[in-house]
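Here's the structure, in structure tokens; my notes come after.
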Amino acid sequence: VQLQASGGGLVQAGGSLRLSCTASGRNVNDYIIGWFRQIPEKEREILAIISWTGGATRYVDSVKSRFTISRDNTKNTVYLQMNSLQPEDTAVYYCAATSRRWSTDLYGPYARYRYDRWGQGTQVTVSS
């Protein structure tokens with residue numbers, strides 16, 4: 001599966017953005033999709049994940065009240081709606097796919113090692 005992330009940009013603090021991750025290729029529905037972000041010189045961190053078929057979702061506590069992950073199977077696209085953005089949300093955001101079975105490893109502190117397909121990243125900059 002190939003992933004294409006888009007939707008990043010510059011937004012003022014308190015604003016919103018919606019990121020998109022469009023998947024293509026064979027057996028797209030077999031993959032769980034995760035959104036990550038990375039700040040320079042920091043590890044890539046998981047934010048949220050969603051299954052294609054069941055619609056199950058999980059969030060890390062730091063974004064649970066502000067971010068929403070969703071999917072549109074008709075468009076093979078996963079979204080990350082981000083509200084109440086703050087300057088500390090500034091990062092490159094990535095979507096990734098894994099064919100592993102659903103488990104806590106997929107949204108734990110080492111989740112980045114559980115995904116084997118990555119989109120190219122989209123920059124989000126939040127100004128104060």
Hey, could you give me the CD/OG distance between Glu45 and Ser62, rounded to the nearest 0.5 Å? 5.5 Å
Under the side chain to side chain donor-acceptor pair (under 3.5 Å) rule, collect the residues that match up with Asp30, sequence neighbours excluded. none
Nonpolar side-chain network containing Tyr113, other nodes, edges under 4.5 Å: Tyr110
Quick one: closest heavy-atom pair of Pro87 and Ser127, and the distance? CG-C, 4.4 Å
Listed partners of Asp105 passing salt bridge (Lys or Arg N to Asp or Glu O under 4.0 Å), at least two apart: Arg114
Does any pair with a residue in residues 8-18 pass salt bridge (Lys or Arg N to Asp or Glu O under 4.0 Å), and if so which ones, sequence neighbours excluded? none
Non-hydrogen side-chain atoms of Leu80 and Thr68 separated by less than 4.5 Å: no
Which residues pass the side-chain contact (heavy atoms from CB on, under 4.5 Å) test with Gln2, sequence neighbours left out? Ser24
Suppose we screen for side chain to side chain donor-acceptor pair (under 3.5 Å). Which residues come up paired with Gln38, at least two apart in sequence or across chains? Arg44
How about Val92 and Thr122: do any of their side-chain heavy atoms sit closer than 4.5 Å? no
From Ile50 CD1 over to Cys21 SG, what is the distance, rounded to the nearest 0.5 angstrom? 11.0 Å
How long is the span from the CZ atom in Arg71 to the OG1 atom in Thr74, to the nearest 0.5 Å? 10.5 Å
Would you say Thr22 and Thr77 are linked by a side-chain donor-acceptor pair, where the criterion is simply a distance under 3.5 Å? yes
Looking only at heavy atoms, the pair that brings Trp102 and Ala56 closest together is CH2-O, 3.5 Å
Hits for side-chain contact (heavy atoms from CB on, under 4.5 Å) against Glu88, two or more places apart or cross-chain, chain-then-number order -> Gln86
Between Ala97 and Val1 the two heavy atoms that sit nearest each other are CB-CG1, 4.0 Å
Nearest heavy-atom neighbours spanning Cys95 and Ala5: SG-CB, 4.0 Å
Going by heavy atoms in the side chains, are Val124 and Thr90 under 4.5 Å from each other? no
Those residues that, when tested against Tyr115, pass ring pair (Phe, Tyr, Trp, His ring centres under 6.0 Å) (two or more places apart): Phe36
Can you sort out the partners of Asp116 under side-chain contact (heavy atoms from CB on, under 4.5 Å), two or more places apart, ordered by chain and number? Ser99
Test item: Ile33 and Leu3 side chains (from C-beta on) under 4.5 Å apart, heavy atoms: yes
Would you check, one step at a time, whether the test side chain to side chain contact (heavy atoms under 4.5 Å, CB included) holds for Gln81 with Ser16? CA-CA 7 Å; Gln81 177 68 42; Ser16 298; 3.8 Å; yes
Who passes salt bridge (Lys or Arg N to Asp or Glu O under 4.0 Å) against Arg58, sequence neighbours left out? none
My understanding is that only residues two or more places apart in sequence, or in another chain, count here; which of them pass side chain to side chain donor-acceptor pair (under 3.5 Å) with Thr125? Gln123
Go through it in stages, so that I can follow the logic: the residues are Leu47 and Tyr59, the test is side chain to side chain contact (heavy atoms under 4.5 Å, CB included), and I'd like the CA-CA distance, side-chain angles, deciding distance and then a yes or no. CA-CA 6 Å; Leu47 301 173; Tyr59 299 87; over 6 Å; no
Test side chain to side chain contact (heavy atoms under 4.5 Å, CB included) applied to Tyr79 and Ile69, Asp72, Leu19, the passing residue: Asp72
Are any non-hydrogen side-chain atoms of Ile49 and Trp35 less than 4.5 angstrom apart? no
List the residues meeting side chain to side chain donor-acceptor pair (under 3.5 Å) with Asp89, not counting sequence neighbours, and say none if there are none. Arg37, Arg66
Please give me the minimum heavy-atom distance between Arg112 and Trp118, naming the atom from each residue. O-CZ2, 3.5 Å
